[in-house]
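Heads up: the structure comes next, in structure tokens.
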Amino acid sequence: MKEKSFYDKVIDVVKAIPYGKITTYGAIAAYLGNKRSSRMVGWVLNRQKNNSNIPAHRVVNRNGLLTGKFHFQGSNLMQELLENEGIEVKNNQIVKMERYFWNPEL
DNA sequence: TTTCTGACAACAA
DNA sequence: ATTGTTGCCAGAA
């Protein structure tokens, strides 16, 4: 059995994030077995980013802060994408991300 | 091959 | 509570 690399698992999880929902780097990392690998999550997205249909805008840090915003094309493209899905964003931060949070384990 | 770095988060002081 | 260091995995130089 070929086990997917951490790298591939991240892609799989992020692509599974439902519309109108968001998750965090830590949640994905924890789901993969080690929450300290949260760093890798962002790293993977950075490599794939537009390369695949990965909704990277639905992934934020544990504060709900749009840390990856500066990696998107526009200045506020990430925020617009989120707002487009009904997610309220204020000052680069998701408002009450708790109600939008999606746990990959579910 | 060794070393550094990276969309973060936890831990130590 | 705040600041600095460590951990994680893979890729680039």
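Chain identifiers are assigned alphabetically (A, B, ...) following the order of the sequence lines, protein sequences preceding nucleic acid strands; residue numbering begins at 1 within each chain.
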Along DNA chain C (nearest heavy atom to each residue), the more 5'-positioned of A:Arg47 and A:Lys35: A:Lys35
Donor-acceptor contact below 3.5 Å, side chain A:Glu88 vs main chain A:Lys96: no
Whether A:Thr23 side chain and A:Trp102 backbone form a donor-acceptor pair below 3.5 Å: yes
Of the options [options], whose atoms approach the side-chain atoms of [X] most closely?
X       : options               : result
A:Arg62 : B:dA7, B:dA9, C:dC9   : B:dA9
A:Tyr7  : C:dC8, B:dA7, C:dA10  : C:dA10
A:Lys49 : C:dA12, C:dC8, B:dA7  : B:dA7
A:Trp43 : B:dA7, B:dC8, C:dA10  : C:dA10
A:Met40 : B:dC8, C:dA12, C:dC8  : C:dC8
A:Arg39 : C:dC8, B:dA10, C:dG11 : C:dC8

Find the distance [X]:[atom1] to [N]:[atom2] and express it as a whole number of Å.
X       : N      : atom1 : atom2 : result
A:Gln48 : C:dG11 : CD    : C1'   : 13 Å
A:Ile28 : B:dA9  : CD1   : C1'   : 13 Å
A:Phe6  : B:dC8  : CZ    : P     : 14 Å
A:Asn92 : B:dA7  : CG    : C1'   : 13 Å
A:Gln79 : B:dA7  : CD    : C1'   : 16 Å
A:Leu66 : B:dC8  : CG    : P     : 12 Å
A:Lys9  : C:dC8  : NZ    : C1'   : 13 Å
A:Leu45 : C:dC9  : CG    : C1'   : 14 Å

Whole-Å P distance, C:dA13 and B:dA7: 16 Å
Inter-nucleotide P distance (B:dA12, C:dC8), Å rounded: 14 Å
Sugar-phosphate only, base, or nothing, as touched by A:Ala56 at under 4.0 Å among non-hydrogen atoms: base
Which heavy atom of [X] sits nearest a heavy atom of [Y], and at what distance?
X       : Y       : answer
A:Arg62 : A:Thr24 : CA-CG2, 4.0 Å
A:Val14 : A:Pro55 : O-CG, 3.3 Å
A:Phe6  : A:Ser37 : CZ-OG, 2.9 Å

Gap separating the CG atom of A:Asn61 from the OG1 atom of A:Thr67, nearest 0.5 angstrom: 4.5 Å
Sub-4.0 Å heavy-atom contacts from residues 99-106 of chain A onto DNA chain C, ordered by number: none
Criterion side chain to side chain contact (heavy atoms under 4.5 Å, CB included) on A:Tyr100 and A:Arg58, from CA distance to verdict: CA-CA 10 Å; A:Tyr100 302 115; A:Arg58 295 183 188 146; over 6 Å; no
Identified pairing partner of B:dA7, criterion: Watson-Crick or G-U wobble below 3.5 Å: none
Within 6.0 Å of CZ in A:Phe70, more than 12 heavy atoms from elsewhere: no
Heavy-atom donor-acceptor pair, A:Ser37 side-chain to C:dC8 base, under 3.5 Å: no
